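Counting convention: from 1, in listed order, for ligands and their atoms alike. For the numbers below, each heavy atom of this structure counts, side chains included, while hydrogens, waters and symmetry mates do not. Keep in mind it's a predicted model, so treat the numbers as computed, not measured.
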Amino acid sequence: MTRANMREAEGPGPRGPVLDRRLLCRALAGLGAEALPRVSKAASREPSLAALAAAKGVVFGMALTREQVQEAPALARVALAEAAMLVPGNELKWGAVEPAPGRFDFVDADALVDLARSHRMQSRGHALVWHEALPAWIGTSPTRAEMSGALSRHIGALCGRYAGRMHSWDVVNEVIEPSGERSDGLRRTPFLGALGEDYIARAFSLAAEADPDAILTLNDYDLERDTEWQARRRAAMLDLLNRLIRRGVPVRALGIQGHLDPAKGPLDPEIFRSFIRAVASLGLSVFITELDITDRLLPGDIAARDQAAAETTRDYLTAVLAEPSVRMVVTWGVSDAYSWVDGNRRTRRTDGLASRPHLYDGAFRPKPLRAAVADAFRSAPARPIAR
Ligand code: XIL
């Protein structure tokens, strides 16, 4: 998270959709958040992104963290007004939620799940098994028995606690990494080392046992562009999904993160859409789970940069929403005041300017990116109502 460009919301406030102020007051009180920003009377009655998406059978959500909600009530206000689903950005990651073996701390995750519930919004869980954000106690090379025990306890506890309350879970995150010498393109992780490829099937079975209703998702990045590298990633992902489905593993959706980075190569909508169709032909839904834009190669000038980011995002969403299997779009953040993009050496700009990856700017005002997402929902074909 970067706070370099963090500013308090001032002035008229975002011209976004209107929010029930009483509900927000109640929810923020539960989170210990203090001053509530004024809700502008001038706020337009423009439909929320959630409403525009729902009209086409798509769920629209936003990821946020408890810390952001506490520090910036204006950010919570935007998310609650725009989204139909909240995703805890870090609070359900293994290291955050199980700091010692078998000792779980659900305080922060509960606060966000309760916030969603008190606004009749859905929640989604991110992420049960990921090679990053692991607690130190897992170690780098746990034995088969240690890893097996840890996996059952962890997934049983998280999926059990939120059973019936999660729309979906990212069960395994970022599993493909075809640069190694493995022919299956699977990423080497402590899970793979201890349990072999079977860790993936086990994780899905454990999650299904503890929460039969959540849509269990395999989530990954760099699956869309027309480059040799991403073609290899797509092929490895399709092979894996085929193996899992053949074995009856309860994977129900592919999550495509959607961290858009024009620097990574061109996007051919037909190539991307045919990948999505191949995934759908296995009976899976497709979710865009972490939409934002890495603007490191876009111009420094803010108006030009925002325009280019909006166009890139509109083209991307227009392509994916043309596929009826795409049933969810979640943005990985709310406002440029907080973004993982500036916190990461590989994604931040080299000119020292703050990144502008999100739909709302650092003062919580809607950007051209927000309008682009709205346009893409407006022009998308309808699909049967999503859960
Ligand atoms: C990021 C969070 O947004 C940051 O706050 C944290 O420091 C690192 O992780 N892919 C994922 C997310 O699946 O979990 C990552 O989230 C961003 C990339």
Side-chain angles (χ1 to χ4, degrees), residues 1-6 61-72 75-76 78-79 83 85-99 108-109 111-112 123-136 154 158 166 168-177 187 189 191 200 203 207 216-225 230 233 237 253-261 263-264 286-296 316 328-348 354-360 362:
M1 178 188 78
T2 174
R3 262 174 263 168
N5 55 348
M6 170 75 193
M62 290 176 136
L64 76 190
T65 66
R66 186 182 191 200
E67 196 182 5
Q68 290 165 6
V69 170
Q70 288 178 322
E71 286 182 6
L75 180 146
V78 168
M85 170 190 280
L86 299 182
V87 183
N90 286 322
E91 292 73 2
L92 287 165
K93 290 174 182 171
W94 200 319
V97 80
E98 192 183 355
D108 291 341
L112 294 175
S123 290
R124 98 176 285 272
H126 172 86
L128 295 169
V129 177
W130 189 31
H131 63 286
E132 287 189 29
L134 285 173
H154 184 73
L158 270 67
M166 288 297 183
S168 47
W169 266 106
D170 287 331
V171 178
V172 183
N173 191 30
E174 302 187 349
V175 68
I176 300 296
E177 176 53 50
R187 183 188 297 275
T189 65
F191 308 104
I200 302 171
L216 303 183
T217 308
L218 187 65
N219 196 47
D220 219 319
Y221 63 95
D222 281 358
L223 294 167
E224 44 269 278
R225 288 183 188 273
Q230 296 205 17
R233 295 182 55 86
M237 177 57 87
L254 174 67
I256 297 175
Q257 292 186 356
H259 295 293
L260 306 187
D261 185 351
K264 285 188 171 172
V286 173
F287 297 154
I288 304 301
T289 52
E290 305 185 17
L291 185 71
D292 60 15
I293 183 152
T294 296
D295 63 9
R296 61 189 165 139
Y316 181 85
M328 194 184 82
V329 174
V330 170
T331 61
W332 201 248
V334 176
S335 144
D336 293 339
Y338 295 89
S339 177
W340 72 286
V341 171
D342 278 337
N344 186 313
R345 185 172 43 79
R346 284 179 310 226
T347 49
R348 73 167 70 108
S355 300
R356 297 176 63 80
H358 295 303
L359 278 55
Y360 280 74

Are side-chain N/O atoms of N90 and E67 paired as donor and acceptor at under 3.5 Å?
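Their side chains do not contain a donor-acceptor pair, so the 3.5 Å distance test is not met.
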Begin with the C-alpha distance, continue with both residues' side-chain angles, and end with the deciding distance and a verdict on side chain to side chain contact (heavy atoms under 4.5 Å, CB included) for E132 and N173.
CA-CA 9 Å; E132 287 189 29; N173 191 30; over 6 Å; no
I'd like to check whether E290 has a polar contact with ligand 1, where a contact means an N/O of the residue lying under 3.5 Å from an N/O of the ligand.
yes
Less than 3.5 Å between some nitrogen or oxygen of H126 and one of ligand 1, yes or no?
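There is such a contact, yes.
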[X] contact mode with ligand 1 (heavy-atom cut-off under 4.0 Å):
{"X": "W332", "result": "side chain"}
{"X": "N90", "result": "side chain"}
{"X": "N173", "result": "side chain"}

Selection from E132, Q257, K93 by shortest heavy-atom distance to atom 1 (C) of ligand 1
K93
When you measure from the side chain of E91 to the backbone N and O of D108, does any donor-acceptor pair fall under 3.5 Å?
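Judged by distance alone, no pair lies under 3.5 Å.
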Check ligand 1 against H259 and write out every atom of the ligand that is under 4.0 Å from a heavy-atom position of the residue.
10 (N), 18 (C)
What residue among R233, Q257, K264, H259 forms side-chain hydrogen bond (donor to acceptor under 3.5 Å, both in side chains) with D222?
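For D222, the side-chain hydrogen bond (donor to acceptor under 3.5 Å, both in side chains) test succeeds with only one of R233, Q257, K264, H259, which is K264.
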What is the distance from atom OH of Y316 to atom CD1 of I293, rounded to the nearest 0.5 Å?
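With rounding to 0.5 Å, OH (Y316) is 11.0 Å from CD1 (I293).
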How far apart are the closest heavy atoms of D342 and S355, and which atoms are they?
OD1-OG, 2.7 Å
